[in-house]
Structure formats: C-alpha cells, structure tokens
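Right, one structure below, let's go through it.
For the numbers below, each heavy atom of this structure counts, side chains included, while hydrogens, waters and symmetry mates do not. Everything numeric in this text was worked out from a predicted model, so none of it was measured.
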Amino acid sequence: MSPTVQRREFLTALGAGIAGLAGCVGNLPGSSGGVDRTIYVGAYHWGFIIVDESGEEQDRIRLQRNDVLRVVSFNTLASQAVQSLPASIRDVLPDHEALEERNAERIPVPADGDFHELLEEANEQYPDHSLAITPSGQVHMGGGMMMHPVALPQNATRPIIRQLGATQRGDYTLSCLTYCGYGHPYMEIDGGIVVT
C-alpha cells in the first residue's frame, strides 16, 4: 500500500472518530449541553439589565443548587457586541434616556454638579465596565465568588460568555469593578442571583 493511500485511510478514520465523539462531548462540563439557564447581562452607566432567554427583563434570577448558568454579558455601548445578540434580547434593551431615568431614580443627586452632565462625562471618559458576581454582603474578590470579573469594553465586538456552577446557596451581587465615573459605587444589583 502506498503512503498516499495509508494517509487517506488514516484521515478518513480520524474524521469518523471525531464525528463520533462530537455527539459525546455535548454533556461534558463547560459544553452547551448541560446548561440549565441562560441570562443576558447588559452593563450601562451606572447599572445592569438582566434579560432571560425569552426576552423578559428580570430583577432577580433564581437558581437551584448545582444548576449550570450561562451568562452572556456585554457593554450596552458596544454596538457590534449588541448587534450579535438575538433579536429578542436586543429589542428589550432600554435606550439611553430610559437608562438615565433608571439611574436618577436610584442614585443620589450629586452635591456638586449636574447628574446628566456627570453621566455624559462618564460615557466619554469611562466607557468601559466589567461584571463580577460575588456573594452579597462580602468584600469584592473574597471567597465564594461565583464569577471573577470579566472586562466589558465599549469597543468589544462580541459578548463575553461564561458558564457557572451554582454550587453554593445564597444571594449573589452583580457589580462593576471598573471605575466608570460618579455613579460607579451604585453599579450593582444586590441579590441579583439567588441560589436555593
């Protein structure tokens, strides 16, 4: 048998083996097969919006212990990343004015300066955010962190996708660890994820 025939047979057998394995790896940890819930988390100045797979905005996500959660996170100013999201998710994202109104309802009025001007300044000077998911009431970067910080830059072309195991019961806070102007200390959802 010539070397060319042996090589062709080897490649054919290798291809068949890979194709056969493709159906087996779907349920391995870290693959898409074992996901119990997917959420989309958009970071904006100075907050987060959580949307579930059906396109419904959520205040809080409830999980059972040992559920696998897929988190698709993005900066709402990253137009290419937002455009790559499913239409059902893009369609429910509030516009800039609606997000500013949300901020005005929950962030204290600044002692010096105009809230709107501070927001516009932050959009220009600090366009990037991050997302970390930590146990509520604990210092950031402490033990039990559900998701270490992921960078969410304004110039991102794709969302960041992480799969997390909900192994510890409790409440978890979504927070930004990247300084983003006046409202940065308020950029969190306390108890945004609850594991029972």
Under 4.5 Å between any side-chain heavy atoms of [X] and [Y], yes or no?
X: Arg37; Y: Asp52; value: yes
X: Ile49; Y: Pro94; value: yes
X: Tyr126; Y: Thr178; value: no
X: Leu131; Y: Leu174; value: yes
X: Val82; Y: Arg90; value: yes

Tell me if a side-chain donor or acceptor on [X] pairs with a main-chain N or O of [Y] at a distance below 3.5 Å.
X: Asn123; Y: His45; result: no
X: Arg162; Y: Val150; result: no
X: Ser136; Y: Asp171; result: yes

- Please name the pair of heavy atoms, one in Cys180 and one in His184, separated by the smallest distance, quoted to 0.1 Å.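 So the two residues come closest at SG-ND1, 3.5 Å.
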- Query: What about Ile61 and Tyr172, same hydrophobic cluster or not, with Ile/Leu/Val/Met/Phe/Trp/Tyr joined at side-chain heavy-atom distances under 4.5 Å?
  - Reply: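 Ile61 clusters together with Tyr172.
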- Query: Salt-bridged, Arg102 to Glu57, with N to O below 4.0 Å?
  - Reply: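 Salt bridge: yes.
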- Would you tell me whether Gln154 and Asp128 have side-chain atoms, one donor and one acceptor, within less than 3.5 Å of each other? no
- Just checking, is any N or O donor in the side chain of Glu121 or His116 under 3.5 Å from an acceptor N or O on the other one?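 Distance-only check fails for Glu121 and His116.
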- With Leu69, the side chain to side chain contact (heavy atoms under 4.5 Å, CB included) member among Thr38, Asp36, Ile39, Val35: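 Per the side chain to side chain contact (heavy atoms under 4.5 Å, CB included) rule, the option paired with Leu69 is Ile39, out of Thr38, Asp36, Ile39, Val35.
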- State the CD-OG1 distance between Glu188 and Thr134, to the nearest 0.5 angstrom. 8.0 Å
- Straight-line distance of His129 NE2 to Met187 CE, nearest 0.5 Å: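 These two atoms lie 4.5 Å from each other.
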- Pair Glu120-His96, side chain to side chain donor-acceptor pair (under 3.5 Å): steps then yes or no: CA-CA 11 Å; Glu120 294 307 313; His96 178 74; 3.0 Å; yes
- Message: For Leu152 and Ile160: C-alpha separation, side-chain torsions, deciding distance, then whether side-chain contact (heavy atoms from CB on, under 4.5 Å) applies.
- Response: CA-CA 8 Å; Leu152 302 174; Ile160 302 296; 4.0 Å; yes
